[in-house]
Amino acid sequence: MRLDEIEVRRVTLPLCFPFETSFSRTTAKQFLLVSVSAGGVVGHAECVADVDPFYLPETNVTALHVLRDFLAPVAFSLEIESPREVLPAFARVRGHEMAKAALEMAVWELWARREGVPLWKLLGGRGGEIAAGVSVGLQPDEAALLDKVATEVEAGYRRVKVKIKPGRDVALVAAIRARFPTLPLMVDANSAYTLADAGHLARLDCFSLTMIEQPLGWDDIVDHAALQRRLSTPLCLDESIRSGDDARRALDAGACRVVNVKVGRVGGFSGAIAVHDVCRARGVPVWCGGMLESGIGRLANVHLQTLPGFTLPGDTSASARYFEEDLVDPPVVVSPAGAIAVPEGPGIGHAILWPRVERATDLHETWRRP
Ligand code: OSB
Ligand code: MG
């Protein structure tokens, strides 16, 4: 298969609520939507880069540049026999995993539509349903945080993650634990601490958290290993893992006991499968992270986490938590028991609402095979 055309749209959707982390506060989601076509069949994927380089180094501007000037020419030159060939073909371009992932995932989606199968079938997953968890941003105060957690627990979510940062950590966790003694609970620091905070972070050990996500440097493995030796709570790496090899090195070093898999952070589905396989071979659980995706990226995450190593609920929650009007029909919904149905239709399995996409698009580029 040869790609005929690649299209990129820049889409902006207002968020229902501001999302605050240790690194930023977001009120709208801006992302690149990548579409690839071959022989009249089209596949789509959402890029998880953001407007700023505060989570990881890529931005929507760097992703557009790298897609247009480096990845699209490579993709057009390929005679693709399997979507698994796409990520290795991009190896000359260093980093830029989010840009690579968007194009790679669009090829997988196209492939699934061509074969008339849901993405999960191509990825080696299963149908049925997945367990939904939720990521709660930093709130104005403790009362607001407790309210928010209560709302999510009542909605059925099977585990709750809360964002923390220095000054807004131990006391908040203690308050949540006092009110929800048995809730599967974890925290995510997005690299807001250093190894000098090890003693302070050890104060979280008494709250039976399922894990602490990415407390230290965004590209660190060594310090996390030193910290893990001082904590009984498992560490989970997010930002630091950008390939299957990163996962192997982190596990060899003892830097974590759980891994967050985000397709967009590891170069696409083949990178996600590589991380999954490394962890599964060692009995290390993985779960699927989120990047406030629209329904298009959200559904890709639903399909991914039907692979057998995804044994913990992830950050995939209902469309309605983020957007008044999602871009897919039906939107992603969560049952009162905290489950999301795995689509059975071809590709991502839900229809894309193109009039909504076009209304939210402020930039549109089309590249053709030379
Ligand atoms: O660290 O997991 C993270 C959102 C944006 C950037 C990084 C992260 C997050 C989340 C939200 O935690 C997950 C979601 O609800 O999509
Ligand atoms: Mg995280």
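Only this structure's heavy atoms are used, side chains among them; waters, hydrogens and symmetry mates stay out. Fair warning: this is a prediction, and the values are worked out from it, not measured in the lab. Just so you know, ligand 1 is whichever comes first in the structure, and atom 1 is the first atom listed for that ligand.
Here's the thing with K163: one of its N/O atoms is less than 3.5 angstrom from an N/O atom of ligand 1. Geometrically, ligand 1 and F23 share no nitrogen or oxygen pair separated by less than 3.5 Å. Close N/O approach between D238 and ligand 1 is found [any backbone or side-chain N/O within under 3.5 Å]. By the 3.5 Å distance cut-off applied to N or O atoms, K262 is counted among the residues near ligand 1. Considering backbone and side-chain N/O of S135, one or more are found under 3.5 Å from N/O of ligand 1. On a distance-only criterion, K161 and ligand 1 share at least one N/O pair closer than 3.5 Å. Any N or O atom pair closer than 3.5 Å counts here, and R321 shares no such pair with ligand 1.
Among D50, N190, D238, T21, the single residue meeting the side-chain hydrogen bond (donor to acceptor under 3.5 Å, both in side chains) criterion with Y55 is D238. Remark: of the listed residues K262, R159, R158, R159 is the sole one forming a salt bridge (charged side-chain N to carboxylate O under 4.0 Å, His left out) with D315.
For the atom pair F19 CZ and K163 NZ, the distance stands at 5.0 Å (nearest 0.5 Å). A distance of 16.0 Å separates CG in D223 from OH in Y193, rounded to the nearest 0.5 Å. Summarising the geometry, atom OG belonging to S270 is positioned 14.0 Å from atom NE2 belonging to H276; distances are rounded to the nearest 0.5 Å.
Contact atoms of ligand 1 toward Y322: 14 (C), 15 (O), 16 (O) (distance under 4.0 Å to a heavy atom of the residue). Each of the following atoms of ligand 1 lies closer than 4.0 Å to a heavy atom of E213: 2 (O). Every atom of ligand 1 with a heavy atom of L292 under 4.0 Å away is listed here by number and element: 11 (C), 14 (C), 15 (O), 16 (O). Near N190, meaning under 4.0 Å from one of its heavy atoms, ligand 1 places the atoms 1 (O), 3 (C).
Between H65 and F70, the two ring planes are perpendicular [angle over 60°; tilted spans 30° to 60°].
Taking 4.5 Å as the limit, some side-chain heavy atom of H44 sits within range of a side-chain heavy atom of R113. At a threshold of 4.5 Å between non-hydrogen side-chain atoms, the residues E5 and T366 count as touching. Put simply, the side chain of R321 reaches to within 4.5 Å of the side chain of E152, judged on heavy atoms. At least one side-chain heavy atom of F269 sits less than 4.5 Å from a side-chain heavy atom of E104. Counting only heavy atoms from C-beta outward, the side chains of Y322 and S317 approach each other to under 4.5 Å.
With the Mg ion (ligand 2) as the vertex, OD2 of D238 and OE2 of E213 span 90° to the nearest 10°.
Summary: OD2 is the N/O/S atom of D188 found nearest to the Mg ion (ligand 2).
Under 4.0 Å from ligand 1, the heavy atoms of D188 that appear belong solely to its side chain. Residue-level proximity to ligand 1 for T21 is absent, since no heavy atom of it falls below 4.0 angstrom.
Among all non-hydrogen protein atoms, the one lying nearest atom 9 (C) of ligand 1 is G290 O, 3.6 Å.
Selection from E239, E293, Q214, M291 by nearest heavy atom to atom 6 (C) of ligand 1 gives M291.
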